[in-house]
Number of protein chains: 2
Amino acid sequence: MTSKLPITDSRFERWQTETALASACPVRDVLDHVASKWTTLILICLAARPQRFAAIGRALPDISKRMLTQSLRQLQRDGLIARQVFPTKPPSVEYRLTPLGQSMLAPLGALIDWAENNHAEIRRSRSQYDAFESGSIG
Amino acid sequence: MTSKLPITDSRFERWQTETALASACPVRDVLDHVASKWTTLILICLAARPQRFAAIGRALPDISKRMLTQSLRQLQRDGLIARQVFPTKPPSVEYRLTPLGQSMLAPLGALIDWAENNHAEIRRSRSQYDAFESGSIG
DNA sequence: GAGGGAAGGTCTATATTAGAGACCGATTTC
DNA sequence: GAAATCGGTCTCTAATATAGACCTTCCCTC
């Protein structure tokens, strides 16, 4: 709120400085894990309700079991989701958001809303780019 | 259906439905591009001020030229950044956020703030996970 | 009691993608 | 005229993702 440009305040300058430090930087450290296709999608899945392995897989039809397992482990390791095994006959495993995972839904939701609101414009931009830059002129 | 959990409103159920449609889904379509390490970091870079190719490269020391070029092209194609060539003697190229790119800073900033605020807890969770799940007990 | 299906995975083999770094053309500098 | 800068491209290799076969335990059918 200290600038005249829309969002561009000093935070971004600081983040920029921090990115130089690579692994020491929270932004990179968290974003590298969190801002990835499947983990984000899994979080969205579990936002509605806790779900079991196969249910998440069904919700994300083009994820492989391997990636699903791997992504779930990572989210669990980062403390965003919890894994709970029920001793049913074919043992069932339920994944649910932790409070930390829940707390991420707000910023993530904002990003998703942005995505929905601007999807049309992005697609417009893409077709224009494709027509010009790679098509007839290139 | 509707639940009593904190953030969990019907948006997430809708998004979950949409993810099944894969490429037709704005969430996936945008997130696949946007929620990736380098593009996010480049956006942050350009948030502070327009910058030239080499400057962005310097700000992100461990990005390769190839990835930088590729990520810039993608952001340009999506209409988030604009590329402007100046006919200086060694021609210089400046990248700047478009209004669309600017508009993404708000949700992106929220996510980054979350990352900073929760980095400590995430790291705590990770070391705990590493100690238990893969270490002495496994 | 052999076979099959469901749950929750693992493992392997292959395709895709990222990263390192050589190279390029233009221009300026020494 | 050799070296360096800028903004890339190109190739080769390393890492990562995907598809899909397979595993184990239990219940059910035949």
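Residue numbers start from 1 in every chain, and the chains themselves are labelled A, B, ... in the order their sequence lines are given, proteins ahead of strands. Note that the structure is predicted; figures quoted are calculated from it, not measured. No hydrogens, no waters, no symmetry mates; every other heavy atom, side chains included, goes into these values.
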Notebook entry, point to check: Any sub-3.5 Å donor-acceptor pair from A/Thr39's side-chain atoms to A/Ser71's backbone N or O?
Noted result: no
Note to self: From C-beta outward on A/Thr69, which listed nucleotide comes closest to its side chain: C/dG8, C/dG9, D/dG8?
What the structure shows: C/dG9
Item checked: B/Phe53, nearest nucleotide to its side chain (from D/dA17, D/dG8, C/dG8) -> D/dG8
Margin query: How many whole angstroms separate atom NZ of A/Lys65 from atom C1' of D/dG20?
Written below: 10 Å
Note to self: Please report the distance, rounded to the nearest Å, between CD in A/Gln84 and P in C/dA7.
What the structure shows: 18 Å
Check: From the list D/dT18, D/dC6, C/dA20, which nucleotide is the closest neighbour of the side chain of B/Ser64?
Finding: C/dA20
Checklist line | Comparing B/Arg66 and B/Arg52 on DNA chain D - which has the more 5′ nearest nucleotide | finding: B/Arg52
Margin query: Among D/dG8, C/dA18, C/dG9, which nucleotide has an atom closest to any side-chain atom of A/Val93?
Written below: C/dG9
Margin query: Looking at B/Arg123 and B/Glu121, is any side-chain nitrogen of the basic one under 4.0 Å from a carboxylate oxygen of the acidic one?
Written below: no
Next item on the list: Name the nucleic acid region contacted by B/Phe86, choosing base, sugar-phosphate or nothing; use a 4.0 angstrom heavy-atom cut-off, strictly under.
Entry: nothing
Margin query: Are more than 12 heavy atoms, taken from residues, nucleotides or ligands other than B/Gln128, located less than 6.0 Å from that residue's CD atom?
Written below: no
Next item on the list: Please check the phosphate of C/dG19 (OP1 and OP2 only) for any side-chain N or O of B/Trp38 closer than 4.0 Å.
Entry: yes
Item checked: Any A/Arg83 side-chain N or O less than 4.0 Å from OP1/OP2 of C/dG8 -> no
Check: A/Met67 has an atom CE; how far is it from atom C1' of C/dA13, in whole Å?
Finding: 17 Å
Notebook entry, point to check: How many Å lie between CD1 on A/Ile56 and P on C/dG9, as a whole number?
Noted result: 10 Å
Item checked: First encountered from the 5' end of DNA chain D, between B/Ala54 and A/Ile63 -> B/Ala54
Checklist line | B/Leu46 side, atom CG; B/Glu94 side, atom CD - distance, nearest 0.5 Å | finding: 9.0 Å
